[in-house]
Amino acid sequence: MAGSVVDLFSGGGGASTGFHAHPSFQVVGAADAQLGKPSSGRGTLDCNATYRLNIGIDPVEEDLGSIDPSALAERLGITQPPTVLVACPPCTGFSRTLAKNHLEDDHRNTLVGKTVDFVAEFKPEILIMENARELIMGRFNVHLASLVEVLQGRLNYDVKPEIHFLNRFGLPQKRERAVLVAVRRGLPLLTLDDLWAGFTIDPKATHVRRAIWELPALKAGHASKADPMHVTPAIRDRAVFERLRAIPADGGSWFDLAGHPESSTLLTPTMSDRLERNDLGSHPDVYGRMWWDRPAPTIKRECSHVGNGRYSHPEQDRLCSVREMAILNGFPADYIFSGSINNMYRHIGDAVPPLISFQLAALASWILGNPRPHPEEFILPNTHLRPSDIIAGL
């Protein structure tokens, strides 16, 4: 009989996808408030539609910061403790890329502590949480400390939070994340480090080239006839398009325009000023192209514009498509996204990479007494990763 999984802060289904695809588990409930931005109302992110299309169940739309856990259990129809509770609160309030997060404790960070209330109500065998690395090592890691204290004390769980670069586990993206595993006392406390002990990944398997090389060429503002998710937004600002077109292929960025004969028109005043001061600023990757032979940079929720980071195609004059960005964040190649194109990119950037959540499902199955999985058993089907990419004995 498959173990049951409840996914809180379920977004577009990244965490659920791994468990949904694993034979040991069945996803039985999910909840998300669908907030596009802190200033927007419920439903604006439209992620529950994406979730439903791929997982097959309809998440409840609830503010998980205010709802009583027993009321949520009733709305989800949960009458028995789930085997696994996945709770991945928004990471925006912890992320080091936002300057204010180094000074102010974002109110969304309290959702980490709120997870204790859901654990107390649902009583899962295993809790899994994924977030920004600052959950563990940031200035406001008191939220994690409080969570761990209650889990280990009053609620009788053993807990281990770790920080990982997820390209180590085959993700074609340099994404540094905190992953917490908590198990009901008496179960073995195993982590991704244990799952991967004795194995490593061929570095070439984590490169952009390997992940998206075979996708057909595409112009900005167009979609592939064969795959509607291989679509990229139009670049309507001519100055932005000319700037991108002038940036060198395979890893170029805006500061490479310094010696361009038309630099005076290609560079914004801010860029010109920074070049004069030899100061690339806090966002040197804006308008950057990805490198073919490196992992992609961290794909964040606002990855829908070439000016928001190193999100441009290595050689084509456009943003990486929805499909390309999804593959780089570990989604299966047939995943369907719903809503506006901006929201599709947000669903991708917000997600726990499914390639990783499938490994967490394999780990949870092992914790629950099933045999340790072989490497080919923790590769999510229909992703870029192959069994031959895993190297034993290192």
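If you read the sequence from its start, that first residue is 1, and numbering goes on from there.
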Check: Do the non-hydrogen side-chain atoms of Trp366 and Pro188 ever get within less than 4.5 Å of each other?
Finding: no
Whether Ser16 side chain and Gly13 backbone form a donor-acceptor pair below 3.5 Å:
no
Separation between CG (Leu180) and SG (Cys88), nearest 0.5 Å, reads 10.0 Å
Query raised in the report: Side-chain heavy atoms under 4.5 angstrom apart, residues restricted to Ile, Leu, Val, Met, Phe, Trp, Tyr: same cluster for Tyr51 and Phe19?
Result: yes
Within a 6.0 Å radius of atom CD on Glu315, are there more than 12 heavy atoms belonging to other residues, nucleotides or ligands? yes
- Query: Quick one: does His374's side chain have a donor or acceptor within less than 3.5 Å of a partner on Glu376's backbone?
  - Reply: no
With a 4.5 Å cut-off on side-chain heavy atoms, are Leu189 and Val181 touching? yes
* Please check if the side chain of Arg294 supplies one atom and the backbone of Val208 the other of a donor-acceptor pair under 3.5 Å. => no
Rounded to the nearest 0.5 Å, the CG atom of Asn167 sits from the CD1 atom of Ile201 at a distance of 9.5 Å
Practice task
Answer yes or no: does atom CZ of Arg236 have more than 12 heavy-atom neighbours from other residues, nucleotides or ligands under 6.0 Å?
Solution key: no
message: Applying salt bridge (Lys or Arg N to Asp or Glu O under 4.0 Å) to Asp193 and Arg168, what does each step give before you reach the verdict?
response: CA-CA 10 Å; Asp193 279 339; Arg168 176 188 165 202; 2.6 Å; yes
- Message: If you define the side chain from C-beta out and look only at heavy atoms, does anything of Leu192 sit under 4.5 Å from Leu195?
- Response: yes
Closest heavy-atom pair, Gly251 versus Arg310, reported as atoms and distance to 0.1 Å, is O-NH1, 2.9 Å
**Request:** Carefully, step by step, assess Glu324 and His230 under the rule side chain to side chain contact (heavy atoms under 4.5 Å, CB included).
**Result:** CA-CA 7 Å; Glu324 288 164 338; His230 188 34; 3.5 Å; yes
Item to check | More than 12 heavy atoms of other groups within 6.0 Å of Asn278 CG | outcome: no
In short, Asp32 meets Leu35 closest at the heavy-atom pair OD1-N, 4.4 Å
Closest non-hydrogen contact found for Arg175 with Gly349 is NH2-O, 3.1 Å
Applying side chain to side chain donor-acceptor pair (under 3.5 Å) to Arg185 and not counting sequence neighbours gives Asn156, Asp158
Check: Thr44 main-chain N/O paired with Asn343 side-chain donor or acceptor under 3.5 Å: yes
In one Ile/Leu/Val/Met/Phe/Trp/Tyr side-chain cluster, 4.5 Å: Phe358, Ile356: no
Could you check whether atom CD of Glu149 has more than 12 heavy atoms from other residues, nucleotides or ligands sitting under 6.0 Å from it? no
**Prompt:** With a 4.5 Å heavy-atom cut-off, do Val6 and Pro124 have their side chains touching?
**Reply:** no
Separation between OG1 (Thr268) and OH (Tyr287), nearest 0.5 Å, reads 7.0 Å
Compare all side-chain heavy atoms of Asp117 with those of Lys114 and state whether any distance is below 4.5 angstrom. yes
dist Trp291:CH2 -> Arg209:CZ (nearest 0.5 Å) comes out at 14.5 Å
Across all chains, not counting sequence neighbours, the ring pair (Phe, Tyr, Trp, His ring centres under 6.0 Å) partners of Trp292 are Trp213, His313
| said: Using side-chain heavy atoms (C-beta onward) and a distance below 4.5 Å, is Leu360 in contact with Glu130? | reply: no
| message | Is there a path of hydrophobic side-chain contacts, each under 4.5 Å between heavy atoms, that joins Met344 and Leu319? | response | yes
_Between Tyr311 and Tyr345 (judged by ring centroids, cut-off 6.0 Å), do the two rings come close enough to count as a pair?_
no
Residues Leu151 and Ala182: closest non-hydrogen pair is CD1-CB, 4.3 Å
| task | Quick one: do Tyr335 and Met229 satisfy side chain to side chain contact (heavy atoms under 4.5 Å, CB included)? Show the steps, please. | result | CA-CA 8 Å; Tyr335 207 83; Met229 297 297 100; over 6 Å; no
Taken to the nearest 0.5 Å, the spacing of Leu135 CG from Ile163 CD1 works out to 8.5 Å
Residue pair Asp46 / Ser338, side-chain heavy-atom distance below 4.5 Å = yes
> Ignoring hydrogens and geometry, is there a side-chain-to-backbone donor-acceptor pair from Ser253 to Phe255 under 3.5 Å?
Replying inline: no
- prompt: His143 and Leu147: side chain to side chain contact (heavy atoms under 4.5 Å, CB included), yes or no, with the steps?
  reply: CA-CA 6 Å; His143 298 285; Leu147 171 68; over 6 Å; no
Any sub-3.5 Å donor-acceptor pair from Ser4's side-chain atoms to Thr83's backbone N or O? yes
Heavy atoms of Leu267 and Leu257 approach each other most closely as CD2-CB, 3.9 Å
(message) Check whether Arg133 reaches the backbone of Arg177 with its side chain - one donor and one acceptor, N or O, closer than 3.5 Å.
(response) no
Q.
Has Gln173 got a side-chain atom pairing as donor or acceptor with Ile299's backbone, closer than 3.5 angstrom?
A. yes
**Prompt:** So His164 and Phe169, would you call those rings parallel, tilted or perpendicular, with 30° and 60° as cut-offs?
**Reply:** perpendicular
Consider only side-chain heavy atoms of I, L, V, M, F, W and Y, link residues closer than 4.5 Å, and tell whether Leu171 and Leu363 are in one cluster. yes
> Is it true that a side-chain atom of Gln316 and a backbone atom of Leu218 form a donor plus acceptor pair closer than 3.5 Å?
Replying inline: yes
Donor-acceptor pair, distance only, cut-off 3.5 Å: does the side chain of Ser357 make one with the backbone of Gly18? yes
### Query
Quick one: does Gln359's side chain get under 4.5 Å of Pro373's, heavy atoms only?
no
### Task
Check step by step if side chain to side chain contact (heavy atoms under 4.5 Å, CB included) holds for Ser24 and Asn370.
CA-CA 9 Å; Ser24 294; Asn370 291 308; 4.0 Å; yes
- Message: If you apply the rule salt bridge (Lys or Arg N to Asp or Glu O under 4.0 Å), what do you find for Asp317 with Arg243, and how did you get there?
- Response: CA-CA 10 Å; Asp317 297 330; Arg243 184 176 303 124; over 6 Å; no
Looking only at heavy atoms, the pair that brings Ala220 and Thr232 closest together is CA-CG2, 3.6 Å
Practice task
Give the cluster check for Leu380 versus Phe378: same hydrophobic cluster or not, with ILVMFWY residues linked at side-chain heavy-atom distances below 4.5 Å.
Solution key: no
One should read off an interatomic distance between Arg346 CZ and Ile348 CD1, to the nearest 0.5 angstrom, of 12.0 Å
